[in-house]
Amino acid sequence: PRGRCHTFDASADGYARGEACGAIVLCECVVSDAAPELLGSAVHQDGRSASLTAPNGQAQMGLLRASLSSAGSAARELALSEAHGTGTGLGDPIEAGSLVAAVLAERAEAPAAAVGGVKANIGHAEPAAGMTGLLKLAAGLQSSVVAANAQMRVL
């Protein structure tokens, strides 16, 4: 309603559309300091949920655990997570809860992990939404600076 996506903010009231196009090249080549190394990946279908806009928390936890397993990493090693974060009062809490249950709960002794959501910065880029999140994550890893969620005011 306000024309902005308030990802993970208490005032989240819906998503704002955006437009984007991006590409990333995956190759078996020497990894330089300029390019982060992809250690693993996972794909998961959200499965049954209450509605089109209600994510399935169990499916999200499964995806997070599968991603870490594919990368050969432990939850305590995760420093940054780029979330889907649509900015809805229904979806964001489910997604945050899944992240806490699958990853953060296992990090008792580890430093805090940053969580980002590119939609707060550029809107929901529809089919390019995942790519924009991946590019934001890669840029953050490359520069060691995490872009803030633009509309974050109150948790």
Side-chain angles (χ1 to χ4, degrees), residues 1-26 34-68 70-71 73 75 77-105 107 111-155:
R2 291 173 286 160
R4 291 194 166 85
C5 179
H6 298 265
T7 301
F8 300 123
D9 188 85
S11 66
D13 61 358
Y15 76 97
R17 288 192 158 150
E19 293 186 17
C21 177
I24 197 159
V25 177
L26 302 176
E37 183 178 1
L38 180 65
L39 299 177
S41 66
V43 176
H44 202 291
Q45 199 274 342
D46 204 34
R48 185 180 285 282
S49 62
S51 72
L52 179 64
T53 61
N56 180 321
Q58 294 295 322
Q60 289 185 349
M61 285 188 280
L63 175 66
L64 292 164
R65 290 180 178 131
S67 297
L68 288 168
S70 173
S73 297
E77 298 173 285
L78 184 71
L80 172 61
S81 178
E82 179 64 26
H84 185 64
T86 57
T88 64
L90 174 63
D92 283 0
I94 293 171
E95 184 175 8
S98 298
L99 183 62
V100 167
V103 177
L104 301 182
R107 298 175 49 87
V115 178
V118 73
K119 290 172 189 69
N121 301 77
I122 66 167
H124 195 313
E126 305 296 333
M131 180 58 67
T132 59
L134 180 60
L135 290 170
K136 177 183 172 233
L137 182 63
L141 290 172
Q142 184 177 3
S143 67
S144 298
V145 176
V146 180
N149 282 4
Q151 309 309 321
M152 179 66 80
R153 300 296 182 266
V154 179
L155 288 173

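Starting from 1, each residue takes its place in the sequence as its number.
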Do any side-chain atoms of residues 119-132 form donor-acceptor pairs under 3.5 angstrom with protein atoms, and if so which ones, sequence neighbours left out?
{"from": "Lys119", "atom 1": "NZ", "to": "His84", "atom 2": "O", "distance (Å)": "2.7"}
{"from": "Lys119", "atom 1": "NZ", "to": "His84", "atom 2": "ND1", "distance (Å)": "3.4"}
{"from": "Asn121", "atom 1": "ND2", "to": "Ala148", "atom 2": "O", "distance (Å)": "3.0"}
{"from": "His124", "atom 1": "ND1", "to": "Glu126", "atom 2": "N", "distance (Å)": "3.0"}
{"from": "Glu126", "atom 1": "OE2", "to": "Arg17", "atom 2": "NE", "distance (Å)": "2.9"}
{"from": "Thr132", "atom 1": "OG1", "to": "Ala128", "atom 2": "O", "distance (Å)": "3.4"}
{"from": "Thr132", "atom 1": "OG1", "to": "Ala129", "atom 2": "O", "distance (Å)": "2.8"}

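Between the side chain of Ser70 and the backbone N or O of Ala42, no donor-acceptor pair lies under 3.5 Å. Side-chain N or O atoms of Asp92 include one that pairs as donor or acceptor with a backbone N or O of Thr86 at under 3.5 Å. Remark: the backbone N or O of Val145 is paired with a side-chain donor or acceptor of Ser143 at under 3.5 angstrom.
Listed here is the closest heavy atom pair of Gly133 and Glu82: O-CG, 3.5 Å. Here the closest non-hydrogen pair linking Ala96 and Phe8 is CB-CE2, 4.1 Å. Nearest approach of Ala101 to Met61, heavy atoms of both residues: CB-SD, 3.3 Å. Nearest heavy atoms, Ser11 versus Asp9: OG-OD2, 2.5 Å. Residue Cys5 comes nearest to Ala16 through the heavy atom pair N-CB, 3.9 Å, listed as atom of the first residue, atom of the second, then distance.
Heavy-atom contacts from other residues, nucleotides or ligands closer than 6.0 Å to CD of Glu77 number more than 12.
Here the side chains of Ser73 and Leu78 are not in contact, with every heavy-atom distance at 4.5 Å or above. Contact annotation: the side chain of Gln58 never approaches that of Ser98 to less than 4.5 Å [non-hydrogen atoms, C-beta and beyond].
Of the inter-residue distances, the one linking Ser81 atom OG with Leu68 atom CG reads 9.0 Å to the nearest 0.5 angstrom. The OG1 atom of Thr88 sits 9.0 Å away from the CD atom of Glu95 when rounded to the nearest 0.5 Å. To the nearest 0.5 angstrom, Leu99 atom CG is 14.0 Å from Ile94 atom CD1.
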